[in-house]
Amino acid sequence: MEYTIQKLGYLAGVSTRTLRYYDEIGILKPSRINSSGYRIYGQHEVDLLQQILFYKELGVSLEEIKALITSPNFDVNAALREHRSRLLERRQQLDQLIANLDQTLLQKEGKQTMKDKEKFAGFKQQMLDDNEAKYGEEIRAKYGDEAVNRSNQALKNKTEAQYAEVERLGEEVLTTLASAFLTGDPAGELAQKAADLHKQWLSFYWGSYSKEAHAGVAQMYVDDERFTAYYDEKQPGSAAFLRDAVLVYTGHSS
């Protein structure tokens, strides 16, 4: 079956403007242009649009989606299985948040007590699930399932005050790194302070600390463009600077 751009937009619940944009960026092109100049979409394009919308629902950027679906190794069946798995994870996450909300309502009505730790369980799980979706494959490949699971469990067991402290520590890492970057010296006092703060921040998540693992994480900030973009957002080159500072701090610099 074939669809005009208007009919496909209605079928999928997206605007014709969106479909035109997808055509412009090369992520979803029509199968042909008819004699009247209208975009015509076939079954292949319908299936591809479904994949695009699945990925968008899971928070994947259009740039990443394009790279995925245009890859010669793209496997539709494998992608569908992955979508299903991640959507089930999201459903579990939403169920936990709903249960959390129900408990809170019962507490407010005086029908049930609720520990402070329980109030944030769903949100912590959501953060863990988001991190797993973004970085889980790389982190597990590098450090193993046992280490990652241990780190996740440690986070879930932290109190609200402990979690607030690590958030504050993370911000201090960034502000100190920004000042250290201006010195241009990864071995300098400020840079080494940033590396030490970074160690403290990591130790919050890790059951134990090792210089080798610390150096490995710092190198990953440079090797993985997602981490690089995070640290380089305001000062390009900050990820590499932090890596160099950590290598000095851990004694792994050449």
Side-chain angles (χ1 to χ4, degrees), residues 59 61 64 116-117 119-121 123-254:
S61 71
E64 291 177 289
D116 287 341
K117 181 179 177 180
K119 296 177 182 178
F120 300 95
F123 299 104
K124 286 181 181 177
Q125 187 61 51
Q126 182 174 6
M127 182 182 68
L128 291 174
D129 290 343
D130 289 344
N131 286 339
E132 183 71 28
K134 291 179 182 177
Y135 313 117
E137 185 176 346
E138 294 89 342
I139 297 295
R140 289 180 182 278
K142 191 173 184 66
Y143 299 105
D145 290 338
E146 183 180 349
V148 174
N149 293 339
R150 187 168 59 245
S151 175
N152 288 347
Q153 190 59 47
L155 176 60
K156 291 170 73 172
N157 290 336
K158 297 299 181 184
T159 65
E160 180 185 357
Q162 288 172 316
Y163 183 71
E165 172 59 20
V166 78
E167 289 289 289
R168 183 203 65 76
L169 191 58
E171 287 299 318
E172 189 176 358
V173 170
L174 294 177
T175 55
T176 305
L177 176 63
S179 298
F181 181 79
L182 298 177
T183 70
D185 181 10
E189 183 178 349
L190 264 180
Q192 290 305 291
K193 179 181 177 182
D196 184 68
L197 288 167
H198 189 255
K199 170 194 172 181
Q200 295 176 46
W201 178 77
L202 284 176
S203 296
F204 177 90
Y205 298 98
W206 292 354
S208 60
Y209 170 84
S210 77
K211 292 182 177 180
E212 291 74 17
H214 192 183
V217 166
Q219 182 61 50
M220 185 174 63
Y221 290 165
V222 178
D223 295 340
D224 190 309
E225 61 185 15
R226 293 167 299 179
F227 288 102
T228 304
Y230 174 77
Y231 283 101
D232 284 8
E233 182 180 5
K234 295 181 180 179
Q235 293 175 311
S238 294
F241 184 85
L242 176 59
R243 185 269 316 273
D244 294 343
V246 169
L247 292 181
V248 172
Y249 182 83
T250 58
H252 284 75
S253 60
S254 54

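Heavy-atom basis, side chains included; hydrogens, waters and symmetry copies ignored. Along the sequence shown, residues are numbered consecutively beginning with 1.
- How far CG of Leu242 is from CG of Leu177: 5.5 Å, rounded to the nearest 0.5 Å.
- Applying the side-chain hydrogen bond (donor to acceptor under 3.5 Å, both in side chains) test to Glu171 and every residue at least two apart in sequence or in another chain returns nothing.
- With sequence neighbours left out, Thr250 forms a side-chain contact (heavy atoms from CB on, under 4.5 Å) with Tyr209, Lys211, His214, Ala215, Val246, His252.
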Name every donor-acceptor pair, under 3.5 Å, that has one atom in a side chain of residues 178-187 and the other anywhere in the protein, sequence neighbours excluded.
from   : atom 1 : to     : atom 2 : distance (Å)
Ser179 : OG     : Thr175 : O      : 3.4
Thr183 : OG1    : Ala180 : O      : 2.5
Thr183 : OG1    : Asp185 : N      : 3.2
Asp185 : OD1    : Ala187 : N      : 3.0
Asp185 : OD1    : Gly188 : N      : 3.4
Asp185 : OD2    : Gly188 : N      : 3.4

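- Applying the side-chain contact (heavy atoms from CB on, under 4.5 Å) rule to Asp196 yields the partners Lys199, Gln200, Tyr249; only residues at least two apart in sequence or on another chain are considered.
- At distances below 3.5 Å, not a single donor-acceptor pair connects side-chain atoms of Gln219 with backbone N or O atoms of Arg243.
- Across Ala245 and Ala191, no two heavy atoms sit closer than the pair CB-O, 3.8 Å.
- Here the CE atom belonging to Met220 is positioned 10.0 Å from the OG1 atom belonging to Thr228, to the nearest 0.5 angstrom.
- Residues passing the side-chain hydrogen bond (donor to acceptor under 3.5 Å, both in side chains) test with Ser61, sequence neighbours excluded: Glu64.
- Ionic pairing of Lys193 and Glu189 is not present here: no N-O contact between side-chain nitrogen and carboxylate oxygen is shorter than 4.0 angstrom.
- Applying the salt bridge (charged side-chain N to carboxylate O under 4.0 Å, His left out) rule to Glu233 yields no partners; only residues at least two apart in sequence or on another chain are considered.
- At a threshold of 4.5 Å between non-hydrogen side-chain atoms, the residues Phe241 and Val222 do not count as touching.
- Using cut-offs of 30° and 60° for the angle between ring planes, the His198 and Tyr221 rings count as perpendicular.
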